[in-house]
Amino acid sequence: MSSLSSSSLRILSPKFPSKPSCFLWKSLSFLPSRSLLLSSPISFQPLPRSSPLPQPLRAQPQQREEEQTAGVDLSLLPPKLRDIIVLFQSVSEPKAKYQQLLHYGARLPPLDPAFKNEEHRVRGCVSQVWVRAFIDPEDAAAVRFEADSDSVLTKGLAALLVLGLSGSPAPVIARVPPDFVHLLGLRQSLTPSRNNGFLNMLKLMQQKALQLHADAADFKDSEALGPDRLDTNTKDEFFEGKDPILGGKANEMSTGPDSVVNGGRNSPGYHASEVEERLEEDRDAVDMTPISPQAASGGRRERMIERLERGLCPVSLEVEDISHLHASHAAVRGSAGGETHFNVRVISREFEGKSLVKRHRLIYELLQEELQSGLHALSIDAKAPSEAQSS
Amino acid sequence: MAALCHFPSAPSSPRLFPLSRLLSPVSRASKQPQHLLLAASPIENSIPNASTAGSRLRCFSSSPNAAASPVTLPSDERESRSLGDITRPDFPILRQVVNGFNLVYLDNAATSQKPSAVLDVLNEYYETYNSNVHRGVHYLSAKATDAYEEARTKVATFVNAMDRREIVFTRNATEAINLVAYSWGLSNLRSGDEILLTVAEHHSAIVPWQIVAKKTGAILKYVGLTKEEVPDLDLLKGLLSKNTKLVVTHHVSNVLGSVLPIDDIVVWSHNVGAKVLVDACQSVPHMIVDVQKLGVDFLVASSHKMCGPTGVGFLYGKIELLSSMPPFLGGGEMISDVFQDYSTYAEPPSRFEAGTPAIGEAIGLGAAIDYLSSISMQTIHNYEVELSNYLYHSLCSVPNLHIYGPAPSETVHRAALCSFNVEKIHPTDIATFLDEQHGVAIRSGHHCAQPLHRALGVTSSARASLYFYNTKEEVDAFTQALKDTIDFFTSAL
């Protein structure tokens, strides 16, 4: 609005932020070309220049970066994607990052022209981008991708996604948060908009993966698999995911052909709006999560306690089976009698100085086997001794 | 100009007068005022950057003696300051650092920047006399109404409309075209009638007519391009027939940079009984546009492309046409009397201005017109012709680069914009890299002209578009950055 624009220009000159202004600018009405900035698939944070920038200009970029990267939940990222992130982080010079991106793009195998059609085209890219998803011929649970673009930078981004996500199961892919891109040092807008190429690419890949997954599950269904197939009701899960007591659902990275994926999501690490978005998307997607027949037959609580004690040397530990509270929940149906939902309250020195995300990740790692064998959800309360109230 | 002001303090634009006083001497290449200017702005040769705080630059005073002692520049005495150098200080937004580089804003065809003069007027409106127009009787409302109507008069004068009632304020040019389409189009077009457009039209000049054609059974016909990449005027003449009821055409193309002879087109069209609607978005901000001389029936433009605020634009329509047209949007303001089962409508322009208008913005547009006029559109145009040639020839020096539209010559003038493609490099890659690694803002995409791009045989292009506050130095910076960008992508592949 005009008065807004004029008053914000008042505070313009020395104090106006530079890089993060890209985001600020996007919301101001007099921004020259919205579509240029939003549809630009990537942008990098430059190295601090030796130009005479007054202090405030420099301070803000770092703050912004920290805000953006702090929220990213690494446990949601497939290992291959994490490797790519590490690689990008080791490259600090922006131009070199670009070159790295272009290399990824060049490595991408060409996409069969037959797939360069509307069905595979990503909407909202100024350049043309096509994405194809298919079931891994060697691993029915994994999804593979192919992609191409006429813009090399976009192709590079697509390559990151293809290489980072291929081989993972659909539900894992579906849960990859778009803000991981911040960890690459690529300043990429994540504002949902018809012009956001990167976001739309990721979403399309996630949609296609879930579609494949649903089709496969349907197919299995028609072959009458039996009670082991989970009939997950995504709606319930997501509401649980928003449980204010840090309702964290078990999350699993695929590690091998027999890996099992559970439903649900980990709410820390998402911004509220992204959770909303996911809710919207996933309500439409059919999320069938097959569970492998190796269900645990009792003793889970004991095993969990043992593992957590070994790994965390806790000052205090409580593990409570609350599966009965979720008995009506569709996810539980079909899995061997309970032992799917637990409350975990632990106080340990291991948590000192670690972020919430890191603490949860620690616990998930310790409980990996359980998560792979029917443990659905954890509600975690992880404190360091200095934080614990007298209880 | 209607004499409207009868209050103690009329809305004012303080920075206009010194500018005009300073400018006219410069255009006669006199030395004295140059020193004045040098004293006023500490910026030397390079593009001003954020470290020289904006407020200090705006020290143009109305009295030449108020300037500090002249700064002696090491530069050539013959080198006079360009219009770009002179006007830049009026645009605070241009003094900033983007991605670590001084901003080089070359996306003016998308939207223009606003001078402080306009921003001050906007602020003054909201701070001192914001009030609904045409409705109240109290002091503020009278003042707002007068300022709003004065803005209408300014627009009318700016395009030399015969009557101020021929200016209808809309949200932008797109809305203005839709107004004509839904109001004039729906009530005048019948099955079999033809609407003639060029393939180079902006989507806003195409889509409303597609919608109306569907409803009325009218047919759309398109004029293609010549091999010089301009609309084929012979083809246009050939396509005109007794069935043609409307010709919709741009004045200046936002992609090709070409200028059409509107006066001729109007003559040819009127000969077959067709009306002419001109999309003047890229011409009104850059040159003198005289609707009476051109003879157009309808003309549209947007404020935000001519240093005015977003949210307002206008439709010019001949008064007899507007008077015969039914309303577009219904609501308050456009009525005369309202009963339960019917209403009677107001006369134009009110008939087409339903609801509370963008009052402050229209007044801001008036201020923009004042600002532009104080420089004079002829001066702006002359400078831009220079810039246009400079840009074109700079880009010609870049290998493997193709510029769309006609080559400039004695007879062919281009607008100060170039849409181009570089072989084997996607325009989005170019635009991204230019922005990220050089702080240069250009546009990539189809520029709301998909049919045109298809006619050119491409999916998208890059576009650099200039305005009178851009400088040759900026064009140099852009060209250099472009070469660097091309090097990067060619070597990386």
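Order of the sequence lines fixes the chain letters, A, B, ..., with proteins taken first and strands second; residue numbering starts at 1 for each chain. These figures come from a predicted structure and were not determined experimentally.
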### Task
For B/Thr432 and A/Tyr98, run side-chain contact (heavy atoms from CB on, under 4.5 Å): C-alpha distance rounded to whole Å, both residues' side-chain angles, the deciding distance at 0.1 Å, then the answer.
CA-CA 11 Å; B/Thr432 307; A/Tyr98 272 112; 4.2 Å; yes
### Residues, nucleotides or ligands: over 12 heavy atoms within 6.0 Å of B/Gln480 CD
no
### Query
Within a radius of less than 6.0 Å around NE2 of B/His402, do more than 12 heavy atoms belonging to other residues, nucleotides or ligands occur?
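Atom NE2 in B/His402 is packed in, count exceeds 12.
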### Message
side-chain contact (heavy atoms from CB on, under 4.5 Å), that's the test. Do B/Thr459 and A/Asp150 meet it? Break it down for me.
### Response
CA-CA 10 Å; B/Thr459 51; A/Asp150 52 359; 4.2 Å; yes
Just how far is it from atom [atom1] of [X] to atom [atom2] of [Y], taken to the nearest 0.5 Å?
X: A/Leu153; Y: B/His426; atom1: CG; atom2: NE2; result: 10.5 Å
X: B/Ile425; Y: A/Ser151; atom1: CD1; atom2: OG; result: 11.0 Å
X: B/Phe433; Y: A/Lys95; atom1: CZ; atom2: NZ; result: 5.0 Å

### Message
Counting C-beta onward and ignoring hydrogens, is there a side-chain heavy-atom pair between A/Pro94 and B/Glu436 closer than 4.5 Å?
### Response
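They are not in side-chain contact.
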